[in-house]
Asker: 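Below you'll find the structure I mean.
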Amino acid sequence: MATNEIQENALNNMGVDKTPFAASMLFPLFRATLWGLTGYFAAAWITALLLHTVIVNPLPATVGYVAGLVCWLMGSGVWEGWIRRAFGGKEAPTYTGIERYFRFGPDSKSTAVRYVILNILTFFFAGMAAMAIRIELLTPDSTSWWLSEIQFNQTFGIHGLMMLLGVVASAIVGGVGYYLIPLMLGTRNVVFPKLLGLSWWLLPPATFAVFMSPTIGGFQTGWWGYPPLAQNSGSGIVWYVLGAATILVASLLGAINIAGTMVYMRAKGMSLGRVPIFVWGLFAAATILVVESPATYTGALMDLSDMIAGSHFYTGPTGHPLAYLDQFWFLFHPEVYVFILPAFAIWLEILPAAAKRPLFARGWAIAGLVGVSMLGAMLGVHHYFTAVSDARMPIFMTITETVSIPTGFIYLSAIGTIWGGRLRINAAVLLVLMAMMNFLIGGLTGIFNADVPADLQLHNTYWVIGHFHYTMLGGVIFTWIAALYWWFPKVTGRKINEFWGKFHAWWFFVFFNCTFLPMFIAGIDGMNRRIAIYLPYLHGINLFISISSFFLGAGFLIPLANLLYSWRYGPKAEANPWGSNGLEWQIKSPTPYVPYPAGTEPEVVGPNDNYAAEAKDPFIWVSTPSK
């Protein structure tokens with residue numbers, strides 16, 4: 001079993017701290033917040049003083065953000081837990097108890113738990129922005145009593161960016177993936193655990209900056225940051241750009257860990273053909289991020305340079321605004337596959353265990369995940385068919401429609417797995433089946449967006465809003481909640497309440513479809529997206545959508561309450577409550593700090609998703625000699 005220095009230290013100090021929670025454990029969070037705010041205001045004020053301007057102008061806001069981010073990281077424990085050693089000092093000890101959740105550290109499991117908590121908080125605030133949008137759209141001309149048009153633009157821009165980068169981008173990859181990947185591969189940690197820990201600590205300042213951007217002028221570009229509108233927007237566009245770039249860098253750090261851990265840290269006997277399907281989904285997503293995210297966050301920083309440094313990458317006499325589109329969508333359409341590929345893999349991880357049948361066409365399913373990753377890297381241009389030459393249209397239309405082929409492999413694998421089986425329907429399985437139905441609708445409606453003649457008619461209408469939410473909210477978020485329910489016993493040692501889990505699933509499914517299915521009709525009828533005022537003949541359908549969305553939003557309180565209550569009072573779960581063959585279920589629950597103690601390690605002798613009656617156990621445990 002591959003072991004790095006941090007893992008070796010953990011093995012040498014197996015005694016896990018059982019100290020109960022104390023308020024003093026929050027000190028690194030308070031210190032990071034204090035240092036971050038102090039660093040921001042000091043740097044912004046000094047810059048403004050030197051330039052004879054105010055601190056909310058773009059350049060002071062930029063300098064302040066960078067200084068505040070560095071101070072936040074140092075205060076969180078990065079200094080004593082990592083950097084101090086490079087200057088000859090002594091590195092802080094590795095914490096194994098509750099306090100590891102509140103400070104920088106190398107434990108991938110505590111990093112993943114922090115991701116889940118931040119994703120839930122971000123989802124709440126971004127969801128409140130969505131509710132504000134739907135209140136605005138209750139009537140055709142409601143800007144006089146609720147949001148002005150400027151405030152409406154700021155609200156849907158924050159909602160879009162935070163739901164995508166603050167929630168969907170890391171909900172499954174971060175909160176679920178970073179917890180499970182070392183357990184599923186039979187290793188004690190990820191390949192670069194401190195780098196993974198750093199990825200989370202980059203997120204709170206970035207998220208906070210985007211949410212607070214209206215306080216320094218906001219931005220009018222939506223979540224895209226398109227020039228030249230960005231240069232003529234409020235100063236808040238600076239925090240949009242810096243926040244988005246920071247989150248993308250954090251995603252890249254996580255992607256490096258996913259790819260490196262899969263390649264270098266697999267258990268003995270785990271060939272690529274035996275790697276769990278969920279890890280394959282994470283790997284397919286990680287390759288997209290490693291290859292393509294640098295182009296997009298570089299484009300964002302070039303956009304920022306045009307604002308604060310007077311460069312002309314996209315503006316001015318030598319700038320080319322359409323070049324930003326190529327850099328932006330080079331990642332941001334493939335980014336949706338970063339979101340959905342791990343969700344696909346969760347379907348194929350859960351369904352065989354629930355149906356007690358082997359994963360059907362496993363090789364084709366892996367080919368589908370990798371194929372979507374490869375083709376998805378080449379089709380972002382369909383987002384702006386209205387702005388490209390005729391010669392580019394048929395090329396990217398063909399590539400976009402071709403991606404449905406490897407996606408079909410995944411669906412056929414899922415359907416073939418449950419075909420003829422006796423599926424045990426619990427809340428997690430129910431949500432997976434609903435996610436499959438939702439994404440199918442999203443995929444079928446996406447064909448029209450890929451087809452040039454249809455897209456030229458449907459572009460910038462609510463058809464696109466409906467399609468996108470069926471894939472992201474209907475596919476990814478349904479699956480995320482299913483994964484939280486399924487692996488909840490692994491983290492807490494308890495089960496969620498199945499009644500409320502199923503009740504929420506049906507509530508969610510009904511009101512989700514009541515909210516977003518009518519958007520296809522509204523789009524065909526001429527309802528444009530990104531607008532606060534619309535023609536009166538669209539009032540009825542918008543009223544129905546808004547009321548349905550309020551019920552949908554309220555429904556998210558059910559799983560939150562279920563998870564919180566079950567974490568404290570839920571029924572104790574047995575070690576392997578679902579009868580899964582996954583390696584993560586072959587160790588104690590909740591997961592100990594060191595999941596595979598010294599002296600023993602798993603050896604893989606078969607795939608973990610073969611549930612045939614005559615199949616042998618996929619793992620054996622072997623003794624390892626002490627050093």
Asker: For A259, enumerate each residue passing the side chain to side chain contact (heavy atoms under 4.5 Å, CB included) test, keeping only those at least two apart in sequence or located in another chain.
Answerer: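 Once residues adjacent in sequence are excluded, the partners of A259 under the side chain to side chain contact (heavy atoms under 4.5 Å, CB included) criterion are F283.
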
Asker: Quick check for you: to the nearest 0.5 Å, what is the distance between L331 atom CG and Y297 atom OH?
Answerer: 10.5 Å

Asker: May I have all residue pairs that pass ring-ring contact (aromatic ring centres under 6.0 Å, His included) and include part of residues 240-262, sequence neighbours excluded?
Answerer: F219-Y240

Asker: Can you list everything that forms a side chain to side chain contact (heavy atoms under 4.5 Å, CB included) with A67? Sequence neighbours excluded, please.
Answerer: A43

Asker: Does T298 reach the main-chain N or O of A295 with its side chain, forming a donor-acceptor pair under 3.5 Å?
Answerer: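 Side chain of T298 to backbone of A295, a donor-acceptor pair under 3.5 Å: no, none is there.
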
Asker: S108: which residues meet the side chain to side chain donor-acceptor pair (under 3.5 Å) condition with it, sequence neighbours left out?
Answerer: N189

Asker: Does any non-hydrogen side-chain atom of M265 lie less than 4.5 Å from one of I181?
Answerer: no

Asker: Search all heavy atoms of S199 against all heavy atoms of A250 and return the closest pair with its distance.
Answerer: O-CB, 3.2 Å

Asker: Using modelled atom types only, decide if a donor and an acceptor are shared between the side chain of H159 and the backbone of A126 within a distance under 3.5 Å.
Answerer: yes

Asker: Would one find more than 12 heavy atoms of other residues, nucleotides or ligands at under 6.0 Å from atom OH of Y384?
Answerer: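 For Y384, atom OH is crowded (more than 12 foreign heavy atoms under 6.0 Å).
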
Asker: Would you indicate whether the side-chain heavy atoms of S213 and I158 approach each other to under 4.5 Å?
Answerer: yes

Asker: Test side-chain hydrogen bond (donor to acceptor under 3.5 Å, both in side chains) on Q327 and Y314; report intermediate values, then the result.
Answerer: CA-CA 11 Å; Q327 284 188 263; Y314 307 120; 2.5 Å; yes

Asker: Under the criterion side-chain hydrogen bond (donor to acceptor under 3.5 Å, both in side chains), I'd like the reasoning laid out for T261 against N257: C-alpha separation, chi angles, the key distance, then a yes or no.
Answerer: CA-CA 6 Å; T261 304; N257 264 286; 4.5 Å; no

Asker: Short question: side chain of T591, backbone of K490 - any donor-acceptor pair under 3.5 Å?
Answerer: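 Side chain of T591 to backbone of K490: a pair is present.
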
Asker: Keeping the roles fixed (side chain from R266, backbone from M262), state whether a donor-acceptor pair exists under 3.5 Å.
Answerer: yes

Asker: Once side chain to side chain donor-acceptor pair (under 3.5 Å) is applied, do any residues pair with E584, and if so which ones, sequence neighbours excluded?
Answerer: W487

Asker: Taking only residues two or more places apart in sequence, or in another chain, which ones meet A309 in a side chain to side chain contact (heavy atoms under 4.5 Å, CB included)?
Answerer: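 Checked A309 against side chain to side chain contact (heavy atoms under 4.5 Å, CB included); matches are S305.
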
Asker: Suppose the criterion is ring-ring contact (aromatic ring centres under 6.0 Å, His included): which pairs have a residue in residues 29-68, not counting sequence neighbours?
Answerer: Y40-W239

Asker: Check for a donor-acceptor pair, side chain of T122 on one end and backbone N or O of V167 on the other, with a separation under 3.5 Å.
Answerer: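 It does not hold such a pair.
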
Asker: side-chain hydrogen bond (donor to acceptor under 3.5 Å, both in side chains) between S170 and N119: does it pass, once the steps are laid out?
Answerer: CA-CA 7 Å; S170 57; N119 291 148; 2.9 Å; yes

Asker: Is there a donor-acceptor pair under 3.5 Å between the side chain of E80 and the backbone N or O of A92?
Answerer: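 No, E80 side chain to A92 backbone: no donor-acceptor pair under 3.5 Å.
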
Asker: Would you please say whether a donor-acceptor pair under 3.5 Å links the side chains of T111 and Y179?
Answerer: no

Asker: What are the two closest non-hydrogen atoms of L322 and A387, and how far apart are they?
Answerer: CD1-O, 3.7 Å

Asker: Tell me every residue that passes ring pair (Phe, Tyr, Trp, His ring centres under 6.0 Å) with F102, counting only those two or more places apart in sequence or in another chain.
Answerer: F21

Asker: Taking side chain to side chain contact (heavy atoms under 4.5 Å, CB included) as the definition, give me every residue that meets it alongside M131, ordered by chain and number, with sequence neighbours left out.
Answerer: M128, S549, F550

Asker: Keeping E136 on the side-chain end and L147 on the backbone end, is there a donor-acceptor pair under 3.5 Å?
Answerer: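 Confirmed, E136 side chain pairs with L147 backbone.
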
Asker: If you draw a 6.0 Å radius around CD1 in I120, do more than 12 non-hydrogen atoms from other residues or ligands fall strictly inside?
Answerer: yes

Asker: Quick check for you: to the nearest 0.5 Å, what is the distance between I288 atom CD1 and M374 atom CE?
Answerer: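 Interatomic distance, I288 CD1 to M374 CE, rounded to 0.5 Å: 11.0 Å.
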
Asker: What is the minimum heavy-atom distance between L282 and V173, and which atoms define it?
Answerer: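 The answer is CD2-CA, 4.0 Å.
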
Asker: Would you mind reporting whether S293 and T296 have side-chain heavy atoms less than 4.5 Å apart?
Answerer: no

Asker: Hey, is the main chain of L369 close enough, under 3.5 Å, to the side chain of S373 for a donor-acceptor pair?
Answerer: no

Asker: Counting only N and O atoms by type, is there a donor-acceptor contact under 3.5 Å from the side chain of Y596 to the main-chain atoms of L183?
Answerer: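 Side chain of Y596 to backbone of L183: a pair is present.
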
Asker: Which side chain to side chain donor-acceptor pair (under 3.5 Å) pairs, counting each pair once, include a residue from residues 217-233, with sequence neighbours left out?
Answerer: N153-Q220, Y226-W329, Q231-D303

Asker: Think K109 forms a cation-pi with Y593, using NZ or CZ under 6.0 Å from the six-ring centre and within 45 degrees of its axis?
Answerer: yes

Asker: Minimum heavy-atom separation for S311 and M302, please, with both atom names.
Answerer: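 Taking every non-hydrogen atom into account, OG-O, 4.3 Å.
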
Asker: Does F556 CZ have over 12 foreign heavy atoms under 6.0 Å away?
Answerer: yes

Asker: Listed by chain and number, what are the salt bridge (charged side-chain N to carboxylate O under 4.0 Å, His left out) partners of D306, not counting sequence neighbours?
Answerer: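 Residues passing salt bridge (charged side-chain N to carboxylate O under 4.0 Å, His left out) with D306: none at all.
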
Asker: Report yes or no: is the cationic atom of R114 (NZ for Lys, CZ for Arg) under 6.0 Å from the centre of the six-membered ring of Y101, at an angle within 45° of the ring normal?
Answerer: no

Asker: Apply ring pair (Phe, Tyr, Trp, His ring centres under 6.0 Å) to Y337 and list each qualifying residue two or more places apart in sequence or on a separate chain.
Answerer: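 With sequence neighbours excluded, Y337 shows a ring pair (Phe, Tyr, Trp, His ring centres under 6.0 Å) to H333, given in chain and number order.
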
Asker: Please check if the side chain of S251 supplies one atom and the backbone of I247 the other of a donor-acceptor pair under 3.5 Å.
Answerer: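 It does hold such a pair.
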
